[in-house]
Structures are given as C-alpha cells and as structure tokens.
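To start, the structure under review is shown below, and the notes come after it.
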Amino acid sequence: MNEDYTPTELLAYVAAGLLEDGKSVFVGTGLPMIAAMLAQRTHAPNLLIIFEAGGIGPQVPVLPISVGDSRTFYRAVAASSMHEVMSAGQAGYVDYGFLGAAQIDPYGNLNTTVIGEWDHPLVRLPGSGGANDIGSFCWRTIIVMRQDKRRFVEHLDFLTTPGYLDGPGARERAGLPAGSGPYRVITQLGLYDFDEDSKRMRLLATHPGVTVDDICANSAFELIIPDQVGTTEPPSPQVRRILREIDPTGMVIGK
Amino acid sequence: MNEDYTPTELLAYVAAGLLEDGKSVFVGTGLPMIAAMLAQRTHAPNLLIIFEAGGIGPQVPVLPISVGDSRTFYRAVAASSMHEVMSAGQAGYVDYGFLGAAQIDPYGNLNTTVIGEWDHPLVRLPGSGGANDIGSFCWRTIIVMRQDKRRFVEHLDFLTTPGYLDGPGARERAGLPAGSGPYRVITQLGLYDFDEDSKRMRLLATHPGVTVDDICANSAFELIIPDQVGTTEPPSPQVRRILREIDPTGMVIGK
Amino acid sequence: MDILQTGQGELIGWHDPDEHRAWVAAHKSRALEDKRTTLREAIARYVPDGAIIACGGFGHIRVSMAAIYEIIRQHKRDLTFCGKTAVHDSDVLIAAGAVCRIEVAYAFGHELRGLSPASRRAVESGRCQVVAEISNAGYQWRFLAAAMGLPFIPTRVMLGTDTLAHSSAKVIEDPFSGKPIALLPACYPDVVLMHVHRCDKYGNCQVDGIAVEDFELARAARRLIITTEEIVDEEMIRSQPWRTLIPYYLVDAVIEAPYGAHPTLMPDRYYFDEDHIGEWLRLSKTDEGAAEYFERYVYSVEDFAEYLELIGGEERLEYLRQVEHLEAPLRAPWLEEKK
Amino acid sequence: MDILQTGQGELIGWHDPDEHRAWVAAHKSRALEDKRTTLREAIARYVPDGAIIACGGFGHIRVSMAAIYEIIRQHKRDLTFCGKTAVHDSDVLIAAGAVCRIEVAYAFGHELRGLSPASRRAVESGRCQVVAEISNAGYQWRFLAAAMGLPFIPTRVMLGTDTLAHSSAKVIEDPFSGKPIALLPACYPDVVLMHVHRCDKYGNCQVDGIAVEDFELARAARRLIITTEEIVDEEMIRSQPWRTLIPYYLVDAVIEAPYGAHPTLMPDRYYFDEDHIGEWLRLSKTDEGAAEYFERYVYSVEDFAEYLELIGGEERLEYLRQVEHLEAPLRAPWLEEKK
C-alpha cells in the first residue's frame, strides 16, 4: 500500500497535479521546486520553470538552495535578470506562482512580514520578497502552508501579498491585474479553492485520514464547506520514487 | 599658408576645439564623428564617444556610415543598447551632444521635421531621430548647420528639438533637465553662443574672411553682436593631415 | 488626475494592460515547440492587412529584409509602421504601397546617403500619412513600457516641443519632484520582424553587437517573426544561457535566412551593400523606377535565395563580408559622387 | 495631481532628478582611468558613516563579502541598507552593528536554511529599524527609475496591500487606462558593493550567469565599488563588448579579490560554503556568539586573503569549486539535521 508516504510527499504530489503542461510557473526553493520538477517528469514535460532572480527554463540538475542559485539557470534557455522575469510576469506571461505564508485570511491574502505590530514586531519575518509580485501578477497562485488557528486567521497582522483583498472585484478596484489571484491552497490537512461569488476560501478535498472536523478545528475563520468534499489521492510508489530521484539527499522531502 | 583648407575642415576643427578632455559626447555620423575623432587625436585623447544605438567608447577604425554601424562599437568598452545610452544621458552622464538642423530660431530651438505645415508638408524631413533626446538631456549641445535666411528664422515651422524654448527658465518650466541646453552654433560663417540673460543667439567669432555684415545678412532674426567679435583659427596643416587620416576617402571632408 | 498637456498625435499600438495580459494568456504559447517555418507561411499567417508592424535592428542595420520583401511579395496593404529608427525598411515598404501610415521618430532619410526620394514623395503627396511624431528614445521607451506590461513610462525628453505636441504622450506633474514630466504610452506592435545572428528551432535568440532596442521590442511584440543567419542546436543556447537576448516564448515563427539582412548591415557578418542601396536610391527617384526595382528584385523572384543570386551571389556576399571585416575597401555610389 | 494613496514608509535614497544629474556631472568621471585600489582605501573613501548602501547579487549569491567584511573591520556605523533581496549580506552587517536602518523587500531569512537569528533579534529589540517595506520587483524597479534618471517608475504590483501602505510608493490614476497604478520612487544608494567575474583596470565588468538586478543597481549607484574574481586585460573587454554589463564610467573603485564572494555562491566558480554559513547561523544565535564570529573572521585578520586561509584555504576552495561544478556532493549542517 501507499500509506508510508510522508506529508511532504503528499503536498508535493498534490501541488504538482495542479500544474498544466505547456504553461509557465514561477518557482521558489523547497516544495514548489519539487512539485514543478515532479510535474515535468510526469504529466507536464513541457512546463516552463521561471525563477525570480532570472533563471528561465533550466534543466535543474540537483535541487537549488536559493532562487538565485546557479542550479536555477543550469542549461537554461536564458539566464536573465529580475527585470526580465518580473516584467514577463507583469505582462501576463506567467500562469502559475507558488507562495508560502505565516498567515492567510479567508480571501487568500497573505502575511510574511510580521507577527504583532509592524513597528513593534513580536516576530519579524522576511517581508514580501517576490511574494507580492507573484501574488499580484501570476494568473493563478498556489499557496502551500501549514494550517492551524494561528495561521488561518480572520484578520492578518499585515497584508503582505494580495489575495482577493476584501472580496469580489477588489483586486481590480485596487488596480491589480484583472482575472488573476489565488487559485488553490494546500495544507497538511487539505486542498482549498475560492468560491466564485464571495472569493472566500472553500474546502475542495481533505487529505486521506483527515475529517472535515479536523479542517474546521484548524481554522480561525469560517471555511466554506460544500456538500461534496473529495479526498486527495496519495502519491503512488512510482511518484514517490521520482520524488526521491529529485531530492536524493532529502533536502526538502526529508529522510 | 593655411588658406587651402576646405570649409568642412574648418567646421570640424572648430567643433573639435569645443570638446574637453575627460568628458563624454553623443556623436552622430558625418561631421560630429570627424570632430570627435580629431579631438581625441589632439587635445582630448580621453574623450568618451557614445552612439545612440548603443556603441560606447569604440576605437573607430574607419568612418561609420550609420550611428548603428558596426564601426561604432568596434573594440568598444560596451556594445549596449539604446535604452542604456539614452538612460545614461537622461541621468546626466553625457556632457556634449551634436545636432544638425534645417531651421534654427534665436533661442536655439531646432526643426528637423517638416518645412511647411505638419499635415501638409512642403518638404518632409526625417523627424527628431535622437535629436530631441540629445537636445533634452546633454549638458551642452553643439549645433552644426548651414546658415542663411531660410535656416536662421524667427519662427520655426516645427519645434522638433528644444533649445531655450522661449527664453530664460523656459526649459526648466517645461520639465526639461535643469542647466542643460544649446552651447554653441557653428555655421559656414561663424561661431555663436547664447547670451546668459536673454538666452538668444550671440555671435562669438566669424570665420576668416567673413564680416559681421555677412553674418547679419544671412540671418532672418536679429543676432546679438557684441562689441568684440573674434575670428576663428583655421586648421593647421597638421590638423588637416589628421583629418585626412580620419577620413581618407573624403566621405565627409570631401576630396 | 491633472493632465498638463495631451499630445495630439494618434495613439497607435496601445492596449489596456489587462486586455494585453488576456491576449498574451490566450495567444502566446509557453511550450517549447519547434517553430521553424517558411517566410511565405509566417508572413501569410501573422501579417494581416492593416496591422501595426515594426522592425528590429536600426533602420538599415540588422533589418529582416527577407521578411520585408515577402510582405511586399504578398501585396500586404494598409500597414501602419512604427518608424522607430526607420531607414531602408520603411522606405521600401512605403514605396511598395504596403505601408500607408507611420509614426515617426526617424524616417524618410538614409543618414549620410541623403533623404529617401520614394517615401518622402509618398508623404508629401499624402499617399502615406504621418500619424504621430516621437523621438528615438521616446519610441524605445514606448516599447519598454509594453515589455513591462505597463500603460506608460515617464521620460524627461520631448517636453516643451512640437514633437510632444504631435505625439501620443501626456504631461503630468510628477508627484515626487513637483515638476512636469512626460508619460509615454506603451506600444505593442501587432507584428515585429527581427533578424538575429543565431537561434535554435524554438526561437531562443542570440545577437552579437549592439542590441539597439530589440530587447524591449521583442517583448512588446504581439507576434514576433524571427529570421536568423543560422539555426543552431539547442545546446549552443543552453551552454551560455546569459547570451540569450530573446527567450523562445516571445517568438512565433523561426525562419533560417542566411544573409537575410541584405542589403543592410549584419554586424560581424556583412556590411551595407552600397551598390544595391545606391541602385534603390537611384531608381526610387520616380514611381516607375521604384516599380522596376520591385519587379526585378521582389515580384520576379520566388524567394530570398533567388534574390541573393540576383544581387551577385556568393562573390558579392564574400566582398560584403570582407568590407565588414575591414579586409576590403568600401565602394559606394554616393562616395564616388563626393570625389 | 490627484494622489489616491501615499505610502507611509520612509523615502530613502531618492533625489530630485536634476539634483542627481548635477551630482553625476560633478562627481562621476567620464575619463578612462586606472581605478585599481585596495578595499581598505575604497571603503575608507567611499563609505561614510550614515550612508545608504546596497549590495549586488542576490543576498547570498555573488555578494561582495570581501567589501562587507572590510566595512565591519573599519567599524562603519549608522548605515541604512537597501534590503532588496537581503540574505547573508544584511544579516552580518546588522549583527555587526554597522547597519541600523533597513528598507525591506526580503531580509532576516536564509531561504531554505531558516530565519536569521542575529538580524531578527536586532529588529525585534529595536536596535535595527525597518524604515519601509517593498517587494523584490518593486525594489528592482526603484533602481531602474534611478538608472534612467527618472523620479519614478510605475508598476502594477503592491497595490491594495500593507506592503504598499508601508512603502514609499504613491498611487495615482493612470491617465491612459483610468485605473489605479503605483509609482515607485527612484532609489540612488550612496554606495553599492558589487562582485563580478572579471573586469579591466578601468572597471568595465563582465558577469556570467544571471545579472539579477545588477544592470539597474550599478547605474543607480552614486558610488560603485567593484570587487572582482580577476582583473583582465582591456583586450578581453574590447574583443566582445556586448558582454560588458557595467561600463567603466559607472565605477569608482576596482579591487581584485579572488573568492571575494565567499561564503556566498559565485556562479560557475564556487558554491555556497554551507559549513561556514552554518557556523555563522549557529554562533549568531547569541550576541556573544556573533561577536566571537566577527573577532575570529574579521577583526583578527588583516585582509581577505588571510580570511581565506582561516576558512580552510586552497583545499576548502577547491571543494567548493567541485560542488559548484557538480563534481562533489553538497555537505551542509542544516541538511544533516534533516536526516
């Protein structure tokens, strides 16, 4: 059976499944990198991987540590600049983007800047980095993060990166690119999308062994729970083998 | 004696004399190129030559035909882009610029766009090209053109490139870079600068054999004629020899 | 928004950034695909009558003449030309009747060779309409705005002039300095023709020498047709990816066209063919002469290879290679006349 | 000018474009001059206390650590840091007490390695003040505006967020689309430290691999200090001038510093020294530990060459070269912990 997969393997597999062949994706280090490489080695061989520091379409030999690592432009089609890739994103060339966060709200807005008050931080986090950029201009952003009541919050301590702001039409009213925004959220408990009408987060599927009660107990805001909730498919042994090939040292997947 | 120099040789020599060592100059084809190369081979060996299409600091082997000619970046320090050199100009890195024109007015404004009405041209000229850019951002622009009553006019048919617009402070009021503007005008008759107070064109020196009456008879607007007017120095045989080395085929200097 | 001044030139090639993003998402493939095709096919497919077109290079430097001749051969009509730094490209397209509208930074001239008889005649007679004025830097930055997916880019050039008054720019008060500043609207040409030194079959391109404004123009283009001196193996691109000026996803068609810039200059390959340009400038002094030129060099030939035979074949091309490499002296009709 | 929103972050590094032009004219030499000097001399001369500084590369990629150590060694104080994509650079400068103010796109983190104990502690205790927030693209474009001599560049990122509210950007209504758009003010750092693969004695620089935002940053810099893996003959620059990322007139000082990016990554030369970064992350968990680190690796050594001996000399550097070229496996303390 498949039950000996790790939580990270499951996340990588679910994330990979969201990526379409022939599309482009803005990739960060860690899990997004693994997911994109898994997609390339399974259903999406022609997925274009782009890194914010300038690497475009590399043939990544081993997992990079940084998004500016030389592995991110190893045998790439272009080793360019941040100006080039951020401009491409702003002009609509980037389909998917991955984001992580310390906090998320019902509209998919993200905080990676500060816990507590901005000028008197309890915990100072790294800030936007490329997150605001990715969240602003990628057509579909995929958020991968840990879920609990301190992280799934009604009100963020700081809105670093735009989700749907305060609801339908808010992105467009703010001047953000039309038709873009959060697409899916993946946590250790389940997979979410956003309700078309309210732009609030909605449960799409729970991971194997997770109940809807678990889901709700780990969110400080009210999630939309539809009548029909699916269950995510766990990674097959073959997928797990590929994941081990991609990350032989267990840098991301763990040992 | 020196009297067998050609008018073009004189113009090139006078123009070259205006360029300082250790400064930068935006160069076009033809006479400006010759003048800049003459300056480099005489008093200004460390003059930085920049071409609008991207050539920076070339060691020009033979005269280029175009400002994008491969001779303009032959053994250059950089073969870059229009964005790079125009940005450098806008940011204040370019000291001198050369301009030509079909018409000039008392404030050094230039027309290279049209003779007659814009939408019903009598003669359609090439337009701004890089002229407006050079005239906007170079610290000191040097205008080299033929002088007669159809060219030295009170009112331009079209103001392609800014001189001092309508007088003192007008460039700054329009939003153009402060402290920049026309520096000298060189024609087949004489050398001009601009009066500090009025920003109107003022005779500085006549060429050998040219009288102040000749000067005035060939301008449709009133030139400022100071009490003391110098005479330009004609090119020495040595200068003429260098000019022949720079332009052996007589492409610009003529045979 | 207080707008201090609005240029009265026609705004060509502008799109709302959201509309352009949607177009990109729907029409530009992000997949690595073999894009090799013929010029006949590429021009037929991507250059509809009425399109706004622009050329890479610098007017008579690294211009895709092979693509331009094919446009003329296919009798394309009502094109609007981005006269960014237009020299030989616009002159023949206007003379052939393909282009009837032009926004002008530089056009109707051949630099040291003098003015362009054919396109000047077309403008002065009203057959070709100048729709707006702009400067070289101004046009370059219109493409930068487009490349960045922005509605505009600010600039400090053009202010206070008729060039701005007849452009599509607007002037506002800069909220940081309080001074007037010009805003240049983005320009997205419908089709861009660009000639490069080498690219792979996917369209990853390298250029030797100055890039001029091709970095920005390639990214501003809705459709980008690449002609190339040679199609190289993907390996050559991937071994030095920092040499890639244009990544494949910007490119719609790749056509191998050696000497495809003739009679314009290809850096490090071949110099201007001054005899040929001279023939054009001489013939194009009359409409009949221009027609004779097109009949001889465009309509009567099947393709660009046949044209190359007609202009002197291997021997001529070898001479141009030598001039470029400073191994042979330049011959030029206009140079003869100065003597 | 209707301004829809004004970010409340402190505006650092901005100058009126005319004031900057005058500064350039007075202070940046356009002459081709031998600019070779020592790091001691360059840092003493160009980095006054209180300056606004920025680093080339990408936080722990191609960072001029040699210059950073010299800043610490000279006990520079009250510096403001452009935290464009700050990783190792900002962490050590903040920990050493050199930097006490920072504008943050990304800082206080080491990507996969986790958060930075020292600089987080400094910020949370108030020893280092965050003066403004911004995004990576936003910072990059602040430098683009400066490189272009403009007061601002528009962008469609940051809108609607607290990042913008705590930035120095303003929001206006775009006069072309009618939609809100953010304007990013130019940022001209007083001093930029940049490490390159090679340059000549005048400062003409080449970089292999991604440029990140160094094209723009080099042009935004008031003073630009270049450390380089090697100083090459002018001939190497002039034979391929299209490889020049930075022309000499932007550069104020050139210092040959082989392995000058250690322990950060130098593309195609050497990989991250994870053992050394690991030692820093471990020691910097306490102020005492950080002080111990600086005593050992900065204050007790005369110069960068001596430092290189201390971190393991030729043998260590050869190993890092092998890892970069995929010829040796990566060892890393944080990787060990995952096992």
Side-chain angles (χ1 to χ4, degrees), chain A residues 28-30 51-55 61-62 65-70 72-74 79-83 86 89-90 109 111 113 118-133 135-137 156 158-162 165 170-177 249-252 254-255, chain D residues 57-62 83 85 87 104-109 111-113 115 120 123-124 130 133-138 140-141 144 155-163 166 171 174 179-182 209-216 265 267-268 271-272 274 324 326 329-330 332 335 338-339:
Chain A
T29 44
F51 290 92
E52 67 184 73
V62 297
I65 294 176
S66 157
V67 292
D69 195 323
S70 37
T72 64
F73 50 88
Y74 184 81
S80 68
S81 65
M82 188 179 283
H83 174 57
M86 291 295 188
Q90 197 163 241
N109 302 304
N111 175 16
T113 301
W118 181 73
D119 39 10
H120 295 96
L122 221 56
V123 182
R124 174 66 213 203
L125 301 169
S128 160
N132 184 294
D133 311 317
S136 294
F137 63 55
L156 303 174
F158 191 97
L159 200 171
T160 310
T161 295
L165 300 176
R171 282 176 73 90
E172 290 75 9
R173 280 193 298 278
L176 289 166
T249 63
M251 186 185 291
V252 178
K255 281 284 176 187
Chain D
F58 193 74
H60 52 171
I61 312 287
R62 201 162 49 68
T85 50
V87 184
V104 176
Y106 182 95
F108 323 120
E111 292 198 52
L112 277 192
R113 302 179 197 95
L115 293 173
R120 268 183 71 190
V123 167
E124 290 166 12
V130 175
E133 303 286 333
I134 192 164
S135 72
N136 280 0
Q140 140 76 33
W141 286 324
L144 176 63
T155 183
R156 305 190 72 201
V157 303
M158 302 197 346
L159 291 154
T161 65
D162 291 335
T163 305
H166 286 81
V171 180
D174 163 26
K179 297 176 179 177
I181 192 157
I210 48 173
V212 195
E213 58 208 276
D214 285 1
F215 179 92
E216 294 78 12
L265 182 156
D268 201 37
Y271 204 63
F272 301 108
E274 290 297 336
E324 172 63 8
L326 303 167
L330 175 66
L335 200 50
K338 295 217 174 189
K339 286 179 182 171

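Heavy atoms only: backbone and side chains are in, while hydrogens, waters and symmetry mates are out. Sequence lines set the chain letters: A, B, ... in the order given, protein chains first and strands last, and positions in each chain run from 1.
Most heavy-atom pairs under 4.5 Å with chain A, from the set D/Ile210, D/Val157, D/Leu326: that is D/Ile210. Options D/Gln140, D/Lys179, D/Arg120, D/Arg156 differ in how many heavy-atom pairs under 4.5 Å they form with chain A, and the most are formed by D/Arg156. The candidate from A/Gly30, A/Pro121, A/Gly175 with the greatest count of non-hydrogen atom pairs under 4.5 Å with chain D is A/Gly175. Considering only heavy-atom pairs separated by less than 4.5 Å from chain D, the leading option among A/Pro126, A/Ser81, A/Ala53 is A/Pro126. Annotation: maximal heavy-atom pairing with chain A below 4.5 Å, among D/Gly109, D/Ala137, D/Gly160, D/Pro267, occurs at D/Ala137. Heavy-atom pairs under 4.5 Å with chain D were tallied for A/Gly55, A/Pro177, A/Ala170; the largest tally goes to A/Pro177. Note: D/Thr155 leads D/Ile181, D/Asp268, D/Val87, D/Thr155 in heavy-atom pairs under 4.5 Å with chain A. Of the listed residues D/His166, D/His60, D/Arg113, the one with more heavy-atom pairs under 4.5 angstrom with chain A than any other is D/His166. Most heavy-atom pairs under 4.5 Å with chain A, from the set D/Gly57, D/Ala211, D/Ala105: that is D/Ala105. Of all the listed residues (A/Gly28, A/Pro162, A/Gly135, A/Ala174), the one sharing the greatest number of non-hydrogen pairs under 4.5 Å with chain D is A/Ala174.
A/Asn109 contributes a side-chain N or O that, together with a main-chain N or O of A/Leu165, makes up a donor-acceptor pair within less than 3.5 Å. A side-chain donor-acceptor contact under 3.5 Å links D/Glu111 to the backbone of A/Val67.
With contacts defined as side-chain heavy-atom distances shorter than 4.5 Å, the pair D/Glu216/D/Trp141 does not qualify. With a 4.5 Å cut-off on side-chain heavy atoms, A/Met251 and D/Leu112 count as touching.
There is no side-chain donor-acceptor pair under 3.5 Å between A/Asp69 and A/Tyr74.
Residue A/Arg173 touches chain D through its backbone alone, counting heavy-atom pairs closer than 4.5 Å. Of the two parts of D/Glu274, only the side chain, counted from C-beta on, holds a non-hydrogen atom closer than 4.5 Å to a non-hydrogen atom of chain A. Contact annotation for A/Ser80: only backbone heavy atoms (N, CA, C, O) come within less than 4.5 Å of a heavy atom of chain D. If you measure heavy-atom distances from A/Ile65 to chain D, the contacts under 4.5 Å come from both the backbone and the side chain. Using a 4.5 Å cut-off between heavy atoms, A/Phe158 touches chain D through backbone and side chain atoms alike. The part of A/Ser136 that comes within reach of chain D is its side chain, from C-beta onward, which places non-hydrogen atoms under 4.5 angstrom from that chain. For A/Leu156, no part lies near chain D; criterion is any non-hydrogen pair under 4.5 Å.
Between D/Glu133 and A/Arg124 a salt bridge is recorded (basic side-chain N to carboxylate O distance below 4.0 Å).
Rounding to the nearest 0.5 angstrom, the gap separating the CD1 atom in D/Ile61 from the CZ atom in D/Phe272 is 3.5 Å. Note that the CG atom of A/Leu159 and the OG1 atom of D/Thr163 stand 7.0 Å from one another [nearest 0.5 Å].
Considering every non-hydrogen atom in both A/Phe73 and A/Ala79, the closest pair reads CB-CB, 3.8 Å. The two atoms that bring A/Ser128 and A/Thr113 nearest to each other are N-OG1, 4.3 Å, heavy atoms only.
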Review point. Does the pair D/Asn136 and D/Thr85 meet the rule for a side-chain hydrogen bond (donor to acceptor under 3.5 Å, both in side chains), with working shown?
Key: CA-CA 7 Å; D/Asn136 280 0; D/Thr85 50; 5.7 Å; no

